[in-house]
Amino acid sequence: MDEKFDCIIVGGGVAGLAAAMTLARKNLKFLLIEKGEFAGAKNVSGGVLWGEDLAKLVPDYWEEEDGGWERFINHRRLTFLDEGSSFSVDFKSQHFNETPYTGVVVLRSKFDRWLAGKVEEAIAESDYAMDSFVAPNILVEEILMEGDKAVGIRAGEEKFYADSVILAEGVNNLLTRQVGLQDSYVPADHMLTGVKEVIRFDQKVLEDRFQLNGLSGMSNEFVGYATRGIEGGGFLYTNRDTLSIGLVLGLKDLREKGSPDKKLTPYDILNDFKNHPAIADTIRGGEVVEYSAHIVSSGDKRVIPEKLYKAGLLVCGEAANLLMNAGKAIQGMDYAIRSGILAAENIVQAKEKNDFSEARMKAYQDELEKSYIMKDINNFQDAVHMLHDPLMYQKVPNLINHFGRQFFSISNRPTRKAREMMRESVKEHASWWELVKLGIKGARSL
Amino acid sequence: MKNLTLNEQLGLVSYRNQAKSEIKPHIRVDTEICNSVCPHKCTTYVCPANCYTMDDEGMVHFQVEDCIECGTCMYACDQGAVSWEFPDPEIGRGVNWNFG
């Protein structure tokens, strides 16, 4: 191929597809390259795409009978576990039934493929119907540079040239490292290993068990015994006729505390989580249809590359480690969509002025800083740190469940006041001082 | 619900080029490093697909066939023994998720 593209996008996940959709609509000529057999073939997520941005890519996506998404979330639950009990905060609201939904559960192999189909449709309607491509099954081995400017990519013997390159290669960002925007070795400190199973049920059983109505769905996050003392947490999301259930485990902590003898490995801990009485009762009778794993970043700013651009090159999505869990939700795919859109919009403006200089590319990072993504990441750093404190993933869940057991036990003896029960639970599992500190930190960070 | 063993879990995974006997690995491991200076040999218990195993003598071995490309070893190994480099998809291995 001799012709030059306006942009080459590396990676057909949500970030790359969001960028592609934006470029197609703005009539730019681009090439999206994906190394998997199809967009989504290599992608794993927990699974909730939060927020309303999906509607920016696929307006009225909820009208589609069998869109690429599984269920919309109208029921949320946060569960604290100790060894034998669970204490949940549960919120369900019909306000969440309104479109655009505020969260949809997705299975990436299906979702990304569907979204790529939408991008193909947008290409067909653009001025470059025959000249823009979504090309799977190709590996980008190298970013071609002329001096400090990215000018294209190399895949095997083939070279493709473009005014700009968008890296949307995901968290294992080898090309971002190759161009020097990320260190060649990224330590385990702010990384978590996610493991997950997809468990299939008869759809009616699933809907009855989780009180689902039509395409409504539930998201449930877990803290405490889920991870057997390893930093992290668990999740359970309802799909159409399957559940996504899994854990994210702090990798540094897993390296320090893990052991094959104590059965502290990702798959053993996942099995323990599934055997917890509160979980076992919800997944009974299901059939595991897939086991998967993937690294995610923690949302700690220290792992986000300082610079997300070079002349002619932008980095977005998890390749830029844009992901955060500040306790309310694990957000990553929505950051991928927004950063992909922002990157593409920057390329559109650069194309208008024919200026792909580093100064022009920096405007992308400025926009990112102004967007909710970096505002949230900056504002909630304390919450991210707090969640990774053993107090939060061990002592607090134990304390809450200790209290729950006392408070909800009815015996034919005089009942103590809740305050006394709380005092005893605190004494058993933590100290008042720790809780006061936590309360102050919590009030500040949330 | 009965627990699955890791082998059963991995049996559910669709891999690329499953029928090919010759594949080009996307991870190279210098097990000399694992078996001489590494103080933790953590890949043998952090890898979700147990691609890194330890034999009775405590020596680390690596096989790429079961790898599900999660990336864990890329970060977990702080000794410089693990390097990732994807080959052409046609001659590589790696996953094809059905659900993802």
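A, B, ... follow the sequence lines: proteins, then strands. Residue 1 opens every chain.
The contact list for residues 10-17 of chain B toward chain A, using heavy atoms and a distance under 4.5 Å, reads B/L10, B/L12, B/V13, B/R16 by residue number. For residues 77-98 of chain B, the interface with chain A (any heavy-atom pair closer than 4.5 Å) comprises B/C77, B/D78, B/W84, B/F86, B/P87, B/D88, B/P89, B/E90, B/R93, B/G94, B/V95, B/N96, B/W97, B/N98, sorted by residue number. Residues of residues 56-73 of chain B lying under 4.5 angstrom from chain A, judged on non-hydrogen atoms, are B/I68, B/E69, B/C70, B/G71, B/T72 by number. Within residues 25-35 of chain B, no residue has a heavy atom under 4.5 Å from a heavy atom of chain A.
For B/L4, the parts lying under 4.5 angstrom from a heavy atom of chain A are both the backbone and the side chain. With a 4.5 angstrom heavy-atom cutoff, A/V195 touches chain B only via side-chain atoms. Of the two parts of A/K252, neither the backbone nor the side chain holds a non-hydrogen atom closer than 4.5 Å to a non-hydrogen atom of chain B. For A/V171, the parts sitting under 4.5 Å from any heavy atom of chain B are the backbone and the side chain alike. Heavy atoms of A/K274 lying under 4.5 Å from chain B belong exclusively to its side chain. If you measure heavy-atom distances from A/A293 to chain B, the contacts under 4.5 Å come from both the backbone and the side chain. Contact annotation for A/N271: both backbone and side-chain heavy atoms come within less than 4.5 Å of a heavy atom of chain B. Heavy atoms of A/F38 lying under 4.5 Å from chain B belong exclusively to its side chain. Contact of A/P260 with chain B is made through backbone and side chain together, with heavy-atom distances under 4.5 Å. For A/L174, the part lying near chain B is the side chain, with the backbone staying farther off; criterion is any non-hydrogen pair under 4.5 Å.
Options A/N172, A/L192, A/L249 differ in how many heavy-atom pairs under 4.5 Å they form with chain B, and the most are formed by A/N172. If you tally non-hydrogen atom pairs under 4.5 Å between each of A/T242, A/N137, A/I199, A/V106 and chain B, the highest count goes to A/N137. Ranked by non-hydrogen atom pairs under 4.5 Å with chain A, the options B/V46, B/T44, B/T43, B/T5 are led by B/V46. Among the candidates A/L264, A/V296, A/D112, A/V288, the residue making the largest number of heavy-atom pairs closer than 4.5 Å to chain B is A/V288. Note on A/E37, A/E141, A/E197, A/R108: by heavy-atom pairs under 4.5 Å with chain B, the leading option is A/E37. Among A/N275, A/V198, A/L139, the residue making the largest number of heavy-atom pairs under 4.5 Å with chain B is A/L139. No other option in A/R113, A/E287, A/K35, A/K110 has as many heavy-atom pairs under 4.5 Å with chain B as A/K35.
No side-chain heavy atom of B/F99 sits less than 4.5 Å from a side-chain heavy atom of A/N239. Using a 4.5 Å heavy-atom cutoff, the side chains of B/P48 and A/Y291 are in contact.
Dense packing is recorded around NZ of A/K257, with more than 12 heavy atoms of other residues, nucleotides or ligands lying under 6.0 Å away.
Taking OG of A/S259 as the reference point, atom NE2 of B/H40 lies at 14.5 Å (rounded to 0.5 Å). The CG atom of B/N7 lies 9.5 Å from the OH atom of A/Y267; values are rounded to the nearest 0.5 Å.
Remark: of the listed residues A/D261, A/D268, A/T265, A/T265 is the sole one forming a side-chain contact (heavy atoms from CB on, under 4.5 Å) with B/Y45.
In this structure, the side chain of A/R255 does not engage the main chain of B/C42 through any donor-acceptor pair within 3.5 Å.
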